[in-house]
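All ligand and atom numbering here is 1-based and tracks the order in the structure.
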Amino acid sequence: MSKPMPFQRVEGEEIMALGNSSCQGCGHAILARIAFKVLGKNTVYTSVPGCIWIALQSSIPLYWRGTVFEGGGALISGISNGLEATGKEMNVVGFYGDGGTADIGLQALSAAAERNENVIMICADNEAYMNTGGQRSGLTPIYASTTTTPVASESRGKKSNKKNVPFIMAAHNIPYVATASIAYPNDLVGKLQYAKQLKGFKYLHVQSTCPTGWGFDSARTIKVARLMVESGMWPLYEVTEGNNFKLTYKPRELKPVKEALSQQSRFRHLDEKEYEYIQEQVIMKWKQLSEMDGKKLPI
Ligand SMILES: Cc1ncc(C[n+]2csc(CCOP(=O)(O)OP(=O)(O)O)c2C)c(N)n1
């Protein structure tokens with residue numbers, strides 16, 4: 001097992017303005033700051049409705065376009081093709097939330113991936129529709145309390161498991177798919193650098209903590225994000241050249257999921273049986289990923 005990654009300063013020109021209109025401790029703002037340092041000024045970025053639109057629009061002074069939830073995949077495709085037709089080379093980057101990526105926006109993104117459009121698509125995953133008050137999305141984890149999956153006498157939070165969107169995207173056989181976390185900036189930077197120089201559809205799925213929706217003190221945002229990785233709740237990996245799977249970070253041993261989840265009030269109602277269920281799922285999935293590490297995916 002590899003050592004914990006040392007912290008390094010993220011190099012690059014600071015593009016993000018000093019102020020932005022996201023909440024204190026917002027993972028999206030941290031993601032944007034890091035990402036634009038790597039992407040640089042020769043970038044056009046796009047948004048669909050959500051917190052990431054707000055975070056970027058208020059602080060990233062680069063060429064931008066926004067559209068409806070359903071249109072995210074079409075918008076990045078159109079811009080990329082337009083640039084190619086006029087002989088211009090720019091990074092075309094879609095920054096969409098988990099709702100905009102995994103639910104309403106999935107069809108157009110899938111079509112863009114299938115056409116292998118030359119774009120980078122970044123899913124900023126805070127695990128619910130946070131911009132409208134925290135309704136569940138397809139990427140909300142099981143048992144999480146949200147405004148549409150509240151905890152009450154007949155309800156224990158979200159009933160179903162988190163959708164595995166990185167694997168859905170990998171099944172399109174695109175050149176690059178990766179997961180990342182705002183708590184592992186070096187890993188995130190390396191993945192962005194790799195994606196930036198590659199032609200075709202690149203998909204980065206970044207777990208982005210939300211103090212408001214997850215329920216923890218904003219000063220702890222990186223600690224909470226790190227615990228999600230250290231517990232195996234959010235594994236860091238990449239799939240290159242269509243199907244080569246590699247874990248990019250292997251904690252010495254996984255921390256108990258309870259250590260990560262008990263810090264978030266969206267899980268404060270969990271009983272031992274529910275923790276046990278999540279723990280078993282994580283161990284089973286971690287075993288599967290460890291077996292796949294360094295191998296080709298059967299897709
Ligand atoms: C078709 C449609 N349905 C609903 C909305 C309302 N709406 C705006 S932002 C948003 C939440 C976005 O959530 P997500 O994509 O997860 O991003 P987050 O805000 O959590 O970063 C919703 C539901 C909308 N704009 N369009």
May I ask whether [X] has any heavy atom positioned less than 4.0 angstrom from an atom of ligand 1?
X	value
E127	no
H28	yes
A128	yes

Please check whether C51 reaches ligand 1 - meaning an N/O of the residue sits under 3.5 Å from an N/O of the ligand, judged on distance alone. yes
Look only at interatomic distance and state if N131 has a nitrogen or oxygen under 3.5 Å from any nitrogen or oxygen of ligand 1. yes
Nearest 0.5 angstrom please: I15 CD1 to T43 OG1, how far? 6.5 Å
Option among V119, V93, N91, L83 that satisfies the side-chain contact (heavy atoms from CB on, under 4.5 Å) test with V44: L83
[X] neighbourhood, listing ligand 1 atoms whose heavy-atom distance to it stays under 4.0 Å:
X	value
E70	1 (C)
P49	8 (C), 9 (S), 12 (C), 25 (N)
G100	15 (O)
G99	14 (P), 15 (O), 16 (O)

How close do L247 and D293 get, counting heavy atoms only, and between which atoms? N-OD1, 2.8 Å
Basic-acidic side-chain contact under 4.0 Å: K163, D125: no
Flag the pair E272 and K258 as a salt bridge only when some basic side-chain nitrogen lies within less than 4.0 angstrom of an acidic carboxylate oxygen. yes
How far is atom 17 (O) of ligand 1 from its nearest protein heavy atom, and which residue and atom name does that atom have? G97 CA, 3.6 Å
Is ligand 1 under 4.0 Å from a heavy atom in the side chain of F69, in the backbone, in both, or in neither? side chain
Counting heavy atoms only, which part of N126 comes closer than 4.0 Å to ligand 1: side chain, backbone, both or neither? side chain
Does a side chain donor of either [X] or [Y] reach within less than 3.5 Å of an acceptor in the other side chain?
X	Y	result
T209	T221	yes
E84	N81	no
H172	S110	yes

If you take the nearest heavy atom of each of I54, T132, V68, which one is closest to atom 11 (C) of ligand 1? T132
Centroid separation F267 to F216 less than 6.0 Å: no
